[in-house]
Every structure is written in structure tokens, then in C-alpha cells.
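What follows is one structure encoded as C-alpha cells, with my remarks underneath.
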2 protein chains.
Amino acid sequence: MSRPTIYDVARESGYSIKTVSRVINEAPNVRDETVARVRAAIELLQYHPDPAAQRLGGGKLPTIGVLVDSIDDPFFAQVVAVIEARAMDVGMDVLVASTGMDQTRMRTQIQRLARRGVAGLVIAPFGDEKVVAEALPHDVPVVVIDRKCGVTDKDVVRVTDEQGATDAVRHLVARGHRRIGFLGKTSAFTTLVDRYAGYERALGEAGIEVDPRLVETRAWSAEEAYPYALAMLATPEAPTAVFAASPMMGLGVLRAQRRLHRQDVALVIFGDYPVAELMTPPTTVVDQRPGAIADTAFDLLARRIQDPGAEVLDTVLPTLLVPRGSGELAPRGS
Amino acid sequence: MSRPTIYDVARESGYSIKTVSRVINEAPNVRDETVARVRAAIELLQYHPDPAAQRLGGGKLPTIGVLVDSIDDPFFAQVVAVIEARAMDVGMDVLVASTGMDQTRMRTQIQRLARRGVAGLVIAPFGDEKVVAEALPHDVPVVVIDRKCGVTDKDVVRVTDEQGATDAVRHLVARGHRRIGFLGKTSAFTTLVDRYAGYERALGEAGIEVDPRLVETRAWSAEEAYPYALAMLATPEAPTAVFAASPMMGLGVLRAQRRLHRQDVALVIFGDYPVAELMTPPTTVVDQRPGAIADTAFDLLARRIQDPGAEVLDTVLPTLLVPRGSGELAPRGS
DNA sequence: TGGGGTGTTGACAGCGCTGTCATACCGCCT
DNA sequence: AGGCGGTATGACAGCGCTGTCAACACCCCA
């Protein structure tokens with residue numbers, strides 16, 4: 001009364017377990033009629049191969065592992081959701097793990113996932129490049145998402161951080177802003193360095209000099225960003241617009257704006273977030289399109305699982321500026 | 001150069017693989033000195049047991065499966081995040097799957113997870129009670145979360161839906177509201193039936209008769225809720241306050257309010273959502289405390305894994321009314 | 001007619017564990 | 001002294017697959 005095994009299917013179909021195995025794995029050189037009969041037996045018995053046994057027998061687990069900063073971050077939640085959907089389509093399961101922004105933990109989690117014998121891994125790494133390079137496994141296909149972190153021997157999917165930031169700041173400049181603040185911890189992530197570069201570029205194009213008083217690079221979390229944003233908005237030289245280089249920074253700014261009743265300060269956030277369109281004013285964002293990142297990552301992973309020797313790709317997806325109101329505000333008093 | 005196996009540990013420590021196995025599984029009747037030596041060898045070799053082999057050998061996979069409506073729903077994302085954190089603490093991995101609110105898919109996903117040989121399952125079921133009862137596996141520990149769905153032979157963790165709704169509506173009544181709208185698809189979930197009951201109860205206590213024009217039970221998604229909310233707020237008998245029985249309904253109402261510039265209508269949403277405190281006005285919610293649900297579910301699952309015969313528990317957690325502004329608005333014109 | 005593919009199938013040995021059962025040894029009671 | 005029960009350890013057979021290699025039937029070409 002236990003689950004049927006490959007032996008049951010073999011007996012039922014009249015073939016050997018090896019032939020059944022071939023049918024399951026769609027191996028070549030099996031007669032059509034044989035395939036049909038084995039399939040019929042599988043159907044009849046409602047047989048499903050045991051993943052653990054498949055793995056142990058020599059194959060990989062029909063599973064892909066996903067490692068992200070935090071599962072309930074809306075960005076990563078969507079990444080996980082899309083990967084799960086794609087995996088389900090091809091009969092794979094998804095193991096999730098989070099780093100909690102801790103490099104040691106990142107390393108441990110990667111090892112654990114790799115140890116389980118997953119077919120592939122989607123990883124959002126962070127931090128020191130050397131640590132990342134050492135932590136990434138070499139015996140299992142990996143696709144790196146969101147942050148390159150100096151990785152050159154793995155497929156990478158990320159977005160045009162600099163261009164996206166440039167777009168955002170240009171957008172503000174086009175509305176007449178000249179005093180545009182920047183928030184984002186550039187020391188932590190190369191993505192933020194790139195976004196800052198985009199900020200500088202857009203200002204440069206407009207002939208605006210970077211005012212260090214309007215650049216805040218110390219905060220990482222929304223909680224840390226809040227006081228800095230507060231301070232920046234409260235100064236006499238307060239910016240008329242702010243570019244928040246991440247949703248966390250954006251939250252800090254929004255809280256500060258609310259606190260100071262300064263909804264008149266224009267704002268563009270890099271990274272969309274839920275209900276942004278319901279804010280007052282609705283928040284203009286640079287959408288990183290997590291779904292597209294996840295889709296591409298899945299495609300690349302599937303490709304690498306199938307062909308481990310395939311050329312290593314560094315895919316850079318475009319971002320999308322979504323004007324919703326906060327980024328279209330004119331400079332105060334103009 | 002491959003990963004060390006139990007044989008390597010046995011050789012290194014001078015004991016048999018069986019004794020090593022005993023140490024790994026903390027089996028009784030092993031001398032302290034033996035344990036110490038084996039542990040030392042494990043440490044030395046950086047040995048980690050192969051989960052697939054453990055599973056195949058007779059044990060369960062050190063993995064727990066989580067099945068929810070949708071992984072990027074903030075409520076479930078937090079549930080998954082907490083379970084992953086808890087699982088990591090005890091060296092377990094987490095397999096995620098989503099139902100997409102499709103009963104057939106729910107069934108398939110449950111079977112797939114059970115087939116993998118997970119140690120336990122956390123499931124948010126939905127829909128027809130008979131289907132749910134048939135879909136839940138009997139050969140693996142299961143904890144049902146969020147919705148009871150008529151399940152009586154599994155541990156359940158949910159919240160005080162009726163009480164939470166009563167609290168919310170009482171809160172509105174206390175501010176002087178007498179025309180209070182209700183939105184929520186009561187036909188789909190028992191949780192929503194309970195919330196409606198809470199609504200009715202609070203009104204009854206206040207001697208307010210239920211006005212069917214203020215009760216909308218047809219919508220499920222935010223998209224569906226929007227037009228209904230719009231219609232309700234646009235009528236001459238428009239409510240001065242609305243109780244949205246789910247975050248989805250809440251979104252619909254918020255969009256309608258924005259569209260009609262009716263931020264003066266008081267609103268309480270059942271279920272917290274990100275940045276609710278940054279809305280204008282900040283949204284008062286009944287917090288379901290997904291983290292607490294997940295924590296409790298994990299505890300119950302661990303308990304059941306350890307003792308499959310333990311008494312079946314139906315745990316009902318309290319909700320938390322979080323006043324933030326929208327629920328404290330006085331009736332229009334008063 | 002024989003040699004050498006090519007296509008199709010099966011026997012069998014693992015993969016790295018755990019469960020079962022056997023074994024060896026100890027102390028203690030009668 | 002003999003026997004018994006409890007403790008500590010090991011030998012060995014699976015668990016349900018896949019990889020390797022062999023077997024066999026055919027077919028083609030020389």
C-alpha cells in the first residue's frame with residue numbers, strides 16, 4: 001500500500017527497471033511502443049519517481065535553490081514567486097533560504113543548498129567580492145542576480161543601475177530641480193555605487209555641481225535613513241527633490257517628509273514597492289522589474305543546467321521609470 | 001576530493017558507520033567518549049550527512065514544506081520568512097510552493113511536497129472543505145494555518161477573525177460612525193464569514209441595523225473590489241466608515257477613496273500591509289501578526305514531528321488593532 | 001558470407017545512509 | 001559458578017533510483 005516504485009512499473013509494463021528509468025528521463029534509443037507502454041503503466045500506477053532516490057542514484061534533485069537577502073522583502077518575494085512558478089511548470093521544486101545580510105550566513109546557506117544536491121541555484125550575493133567568489137559553489141549551476149559582486153565565472157542578471165539612476169535624476173532635472181538630494185549607502189553595494197554614478201552623470205549633464213550636503217551615503221536600513229533624511233530636509237539648503245537609491249532609503253525619506261509635512265519635495269525611488277501608487281503624492285519609481293529578473297535568471301539557469309559549458313552571460317536588463325506624481329512635482333516656490 | 005561520507009568519518013574515528021550514524025542522530029547508548037571522538041572526526045573532515053541518503057535510508061528529509069496562496073503576498077511572505085528562519089535554527093531547509101488559489105493545484109502541490117519526504121508541512125488551505133480534507137496527507141505531519149477549512153484532524157493556527165472584526169467595527173462605532181460599510185467575499189472563506197459575523201455583532205451591540213447597501217460580498221481581488229468600493233462610496237447613502245475584511249479589499253477601498261477624493265471616510269482594514277503608516281491618512285488595521293502565526297505553526301509542527309500522536313490543537317491567536325489615523329476619523333460633517 | 005556498426009534492452013553494482021539483528025562485554029543475582 | 005539483563009558496538013541488508021557495461025537483434029557493405 002506504499003507508493004509504487006520503479007519496480008512496480010517495470011513489472012506492470014513488462015520491461016526492466018532500466019528501461020522504465022530511460023522513459024522517465026526521456027533517454028534516447030527507446031522504441032516508441034516501449035515508451036507508450038511504460039507511460040501507460042506509470043499512469044495506471046500513478047507512479048512518481050522518488051527525488052531522493054534519483055538524487056542518490058546519480059542524478060540531481062529536481063529542485064532549484066534560491067538564496068536572497070530576505071524573503072519578505074517585496075523585491076525578493078516577487079523573485080521567489082516567479083521562480084517558484086517557473087519551476088513548477090517544469091516539475092521542479094524550490095528551496096528558499098535567506099542571508100539576512102550576513103556574509104557568514106550567506107556562505108553557510110550556499111553550502112547547505114549545494115549539499116542537498118539541487119540542480120541549480122539562484123543567488124543574490126552581497127558584500128566583499130573575494131568572500132563572494134569563495135562562497136559560490138563550482139559544482140552546481142549558479143545564476144547570480146541583482147548584484148554582480150565581481151562575479152565573472154557565473155551567469156549574472158541585473159539591471160542598468162547607472163542608467164536607471166540617470167533617468168530618474170534627469171527626470172527631476174527636467175522638472176526644473178537643481179538641488180537634488182541623494183540617499184544610499186554606496187559603500188555596501190556596487191549597485192549603489194552605480195546608482196550614484198548615474199546621479200552624478202545626470203547632474204553633470206545639466207551643469208549642476210554635486211553638493212556634498214545633499215549626498216547621504218551612510219544609511220543602509222530605512223530606520224537609519226530616516227534621521228538622515230530628516231536632517232537633509234530640515235536644513236536651509238534643503239533639496240527640492242530627492243533621489244532615493246533604494247526602497248529602504250525611500251521609506252526613510254517618506255517618513256521624514258511626513259514628519260516635516262514636506263510632501264512638496266519631489267521624490268523618485270529606485271525600486272518599486274507595494275501601494276506606491278496610493279501614496280500622497282503617488283511615488284514615482286524606477287522599477288527594477290523583479291519579475292523580469294527572475295524570469296531571465298530562470299531561463300539562464302535552465303540553460304546552464306542543460307549545457308554546463310555554455311558561454312557565461314552577464315545580462316543587464318533595462319529599468320523602467322514609472323512617473324506617478326512624486327517625481328513630477330515642480331521645485332518648491334517655482 | 002568529493003564530499004566526505006559516513007565511511008570516511010568511520011575510518012577517521014575508528015568506529016563503524018553505524019556508530020557514526022548513532023552519533024549523528026543522537027541515538028542513546030553511545031559512550032560519551034565515543035561521541036566525542038566521532039564528533040571530532042566529523043569536525044575534522046567537515047562532514048555533513050547527505051539529506052537524500054538519510055531520506056532514502058529510512059528517515060525523513062530535514063526539510064519542511066510550506067504551501068501558501070502566493071509567495072509575494074506580504075502576509076504569506078512574512079510567514080515564509082519566519083518559518084525559514086526557524087527552520088534554519090534547527091538545521092532544516094524550506095521548500096516553498098504556492099497554490100495560486102486553485103484547488104487542483106493545491107492538491108498537486110501537496111502531493112509533490114509529501115512525495116519528497118519532507119519532515120512536515122505548513123499549509124494554508126482554502127476552498128471546499130471536502131476537497132481540503134482529501135488533499136491533506138496523512139503520512140506526514142501537517143499544520144494548517146490561517147484558515148481552518150473544516151480541518152479537525154490536524155493542528156491549526158489561526159486568528160480570532162470574528163473578535164478582530166468586532167474590535168475594528170466597535171472602534172469605528174466608538175468614533176460615532178453609524179453607517180459602516182463592509183467589503184469581503186464571504187462565500188469564499190470561512191475566515192471572511194467570521195469577520196462578517198464580527199461586523200454584525202459590533203453593529204448589533206450598538207443597536208445599528210445592517211444596511212445591505214453597505215455590505216459588499218462579491219469581490220475577491222483588489223481589482224474586483226475597486227468598482228464595488230467606488231459604487232458604495234458614490235451613493236447618496238455612502239457610509240462614513242468602511243471595514244475592509246482583507247488587505248485586498250482595503251486596497252480596493254483606498255483606490256476608490258483616492259479616485260473620489262474621499263479620504264474623509266474612515267477605514268479599518270483587516271490585515272496589516274507595508275507602509276500602511278505612510279498613507280494619508282495612515283491606515284488603521286487589525287494586525288493578523290503573520291510572524292506570530294508562523295512561529296506558533298513552527299512550534300506545533302516541531303511538536304508533532306517529535307510526537308505524531310500528540311493531541312490535535314486548534315490554536316486561535318489574538319489579533320491586534322493598530323490605530324494609525326484612518327480608523328479614528330470622525331463621521332463626515334460631525 | 002562475415003565483419004562492423006546501430007538501435008534496443010537488461011543485469012548489476014553502487015549512491016550514502018538507517019533499520020534490524022547479532023555480538024561482546026559488563027556487573028549482579030542466585 | 002552459571003545465568004540474566006543491560007550497555008555499547010558492528011555486520012549487513014536494503015531504500016529506489018541511475019550509470020556502466022554487456023547482450024542481442026538487425027542491417028549494411030564489402
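Atoms considered below: every heavy atom in the structure, side chains included; atoms not considered: hydrogens, waters and symmetry mates. Reminder, nothing fancy here: chain letters follow the sequence lines and each chain counts from 1.
- Across the protein-nucleic acid pair, A:Y7 atom OH and C:dG10 atom C1' stand 12 Å apart, rounded to whole Å.
- Taking only side-chain nitrogens and oxygens, B:N25 comes nearer than 4.0 Å to OP1 or OP2 of C:dT18.
- Taking the side chain as every heavy atom from C-beta outward, A:F75 and A:D146 approach each other to under 4.5 Å.
- One interatomic measurement links the two molecules: CZ of B:R22 to C1' of C:dT20, which rounds to 10 Å at whole-angstrom precision.
- An OP1 or OP2 oxygen of C:dC17 is reached within less than 4.0 angstrom by no side-chain nitrogen or oxygen of B:S21.
- Rounded to an integer number of Å, the gap from A:R11 CZ to D:dG16 P is 12 Å.
- Checking the phosphate oxygens (OP1, OP2) of D:dT9, a side-chain nitrogen or oxygen of B:R31 falls inside 4.0 Å.
- Residue A:K18 contributes atom NZ, which lies 5 Å from atom C1' of D:dT18 at whole-angstrom precision.
- Phosphate contact (OP1/OP2 of C:dG16, side-chain N/O of B:T5, threshold under 4.0 Å): absent.
- A donor-acceptor pair under 3.5 Å is formed between the side chain of A:R304 and the backbone N or O of A:E311.
- Checking side-chain atoms of A:R147 against main-chain N and O of A:T190 turns up no donor-acceptor pair under 3.5 Å.
- Listed pair A:T19 / C:dT9 fails the phosphate criterion, with no side-chain N or O lying under 4.0 Å from OP1 or OP2.
- In this structure, A:R3 atom CZ and D:dC15 atom P are separated by 14 Å, rounded to whole Å.
- In this structure, the side chains of B:V122 and B:F298 stay at 4.5 Å or more apart for every pair of heavy atoms.
- DNA chain D lies under 4.0 Å from at least one heavy atom of each of the following residues of residues 45-61 of chain B: B:L56, B:G57.
- Side-chain atoms of A:N25 come within 3.5 Å of backbone atoms of A:S21 as a donor-acceptor pair (strictly under, hydrogens ignored).
- Rounded to an integer number of Å, the gap from CD of B:E33 to P of D:dA8 is 12 Å.
- At a threshold of 4.0 angstrom between heavy atoms, the contacts of B:Y15 are confined to the sugar-phosphate backbone, with no base atom among them.
- Looking at heavy-atom distances under 4.0 Å, B:I17 makes contact with a base.
- Heavy atoms of other residues, nucleotides or ligands lying less than 6.0 angstrom from CG of B:D32 number 12 at most.
- Rounded to a whole Å, the CG atom of B:D8 is 13 Å from the C1' atom of C:dC15.
- Separating the CZ atom of A:R37 from the C1' atom of C:dT9 is a distance of 13 Å, rounded to the nearest angstrom.
- Listed by chain and number, the residues in a ring pair (Phe, Tyr, Trp, His ring centres under 6.0 Å) with B:F189 are B:W220 (sequence neighbours excluded).
- For A:T34, a side-chain nitrogen or oxygen approaches OP1 or OP2 of C:dT9 to under 4.0 Å.
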